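Step one of this worksheet: look at the structure below.
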Amino acid sequence: MIFRQLFEPETSTYTYLLGCPRTRRAILIDTVASEVEHYLALLDTLQLRLVYTLETHVHADHVTGAGLLRERVGSKAVVHRDAGAPCADLMVTNGVVLETGDLELEVRHTPGHTSGCVSYVMADRVFTGDALLIGGCGRTDFQQGDAGQLYDSISRQLFTLPPDTLVYPGHDYQGHTVSTIRQEMQQNARLGGGRTRDEFIAIMRQLNLPYPKHIDAALPANQACGLGGSQVRQG
Ligand code: FE2
C-alpha cells in the first residue's frame with residue numbers, strides 16, 4: 001500500500017493518502033481546501049488517481065477540499081449518513097466496507113464528538129478523526145457532542161480492535177504522528193487506564209474550551225463539501 005500522512009499546520013490537521021500500487025487508485029481522508037493543489041501535485045508525482053475523499057466528520061475548524069477535488073478530478077465525497085452533508089456522493093453507515101483497487105476500509109460509526117463521526121479501519125491501522133486523539137479525544141461540547149456517547153464509541157468500536165492496531169488521528173497539536181490502540185488504552189489521559197464512563201464525562205464537563213475560531217464559516221461550508229461560500233474557495 002502507498003501511504004502518506006500529510007499535515008496542515010494552521011489547524012494541525014492530518015490528511016491521509018492511501019494508494020493501491022496495483023491499480024493506482026487512491027483515497028484521501030480529511031482533506032483541507034487550502035491544500036488541494038498540493039494533493040493534486042502529490043497524486044501526479046505518485047501516478048495515482050483519486051477515487052474517494054473520505055470525511056471522518058463535518059469539521060468545525062477547517063474547510064474540506066472534497067468539493068474542489070470532485071470538480072478537478074471527479075473524486076466522490078464520502079460522509080456518514082448522520083453528518084448532515086447532503087452534498088456528498090456516498091452516505092455510509094456502520095459496517096460498510098469501501099473498496100477501490102486493493103484498498104479496503106471498514107466504516108465504524110464513532111459518534112460523540114459529532115453525531116456523524118466515523119473511524120475507518122484498514123488492515124493494521126485505524127483513522128479515528130476527532131473521536132480518539134493521541135493522548136486525548138475530540139471535544140464534546142458542540143455539534144451534537146455527547147461525552148457518554150463518545151466513551152461508548154471508543155470503548156466498543158476502537159478499544160476492541162487488536163492492541164497493535166496503529167491509531168492515526170485527525171489532529172495532533174504536539175507533533176505526535178501515530179499511536180496504537182494498546183498505548184491509548186493504557187495511557188490516554190481521558191480514557192486510558194480503565195477510566196469509567198462517569199469519570200470521563202466529568203473530565204469532559206470540566207474542560208471549558210473556548211468557542212472554535214472558524215466554526216461559523218467552516219460548518220456551513222463543510223455541509224456543502226467545502227463549496228459553500230466565496231471565502232471558502234481561498235481556503
Ligand atoms: Fe472535529
Side-chain angles (χ1 to χ4, degrees), residues 5-16 28-35 53-67 77-88 91-92 94 107-120 126-154 157-158 167-174 176-179 184 188-191 200-201 203-205 207-226 228 232 235:
Q5 182 177 33
L6 310 169
F7 186 64
E8 192 286 303
E10 202 196 316
T11 56
S12 300
T13 298
Y14 283 126
T15 299
Y16 299 95
L28 280 165
I29 302 177
D30 284 342
T31 59
V32 180
S34 59
E35 302 294 295
T53 55
L54 272 46
E55 305 296 333
T56 55
H57 63 295
V58 167
H59 310 279
D61 60 340
H62 69 268
V63 173
T64 176
V78 181
V79 300
H80 187 267
R81 184 185 57 190
D82 297 346
C87 60
M91 307 277 181
V92 293
N94 188 60
V107 176
R108 294 206 177 193
H109 190 205
T110 48
H113 170 60
T114 75
S115 53
C117 279
V118 294
S119 298
Y120 296 101
V126 57
F127 303 95
T128 55
D130 293 6
L132 180 63
L133 302 177
I134 298 174
C137 64
R139 59 194 290 179
T140 55
D141 57 339
F142 64 90
Q143 271 187 291
Q144 319 93 38
D146 182 319
Q149 190 180 47
L150 183 59
Y151 184 91
D152 294 339
S153 292
I154 292 171
Q157 296 276 45
L158 300 177
V167 173
Y168 285 102
H171 299 279
D172 193 89
Y173 305 94
Q174 278 99 39
H176 306 298
T177 52
V178 62
S179 176
E184 296 312 313
N188 189 290
R190 297 178 186 165
L191 294 133
F200 177 71
I201 291 170
I203 290 168
M204 296 308 287
R205 195 177 292 137
L207 289 179
N208 278 326
L209 296 166
Y211 190 70
K213 261 189 290 184
H214 303 296
I215 187 169
D216 294 326
L219 281 188
N222 286 329
Q223 286 167 334
C225 290
V232 167

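All ligand and atom numbering here is 1-based and tracks the order in the structure. Note that the structure is a prediction, hence the values are computed from the model and not measured.
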> Is any protein N, O or S atom closer than 2.8 Å to the Fe ion (ligand 1), and if so, which?
Replying inline: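 As for protein N, O or S atoms lying under 2.8 Å from the Fe ion (ligand 1), they are H57 NE2, H113 NE2, D130 OD2.
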>> Looking only at the side chains, is there a donor atom on one of T64 and E55 sitting less than 3.5 Å from an acceptor on the other?
In response: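 On atom types as modelled, these side chains qualify, holding a pair under 3.5 Å.
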> Could you give the distance from CG (L150) to CZ (F200), rounded to the nearest 0.5 Å?
Replying inline: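 Reported to 0.5 Å precision, the distance equals 4.5 Å.
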> Checking D30 side chain against T13 main chain: does a donor-acceptor pair fall under 3.5 Å?
Replying inline: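 No.
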> Do side-chain atoms of N222 reach the backbone of H62 as a donor and acceptor pair under 3.5 angstrom?
Replying inline: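 Yes.
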> Of the options R81, Q157, R108, which is the one that meets N94 in a side chain to side chain donor-acceptor pair (under 3.5 Å)?
Replying inline: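 It is Q157; the other options fail the test.
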> Mind checking what makes side chain to side chain donor-acceptor pair (under 3.5 Å) contact with T53, not counting sequence neighbours?
Replying inline: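 Per chain and number, T53 pairs via side chain to side chain donor-acceptor pair (under 3.5 Å) with no residue.
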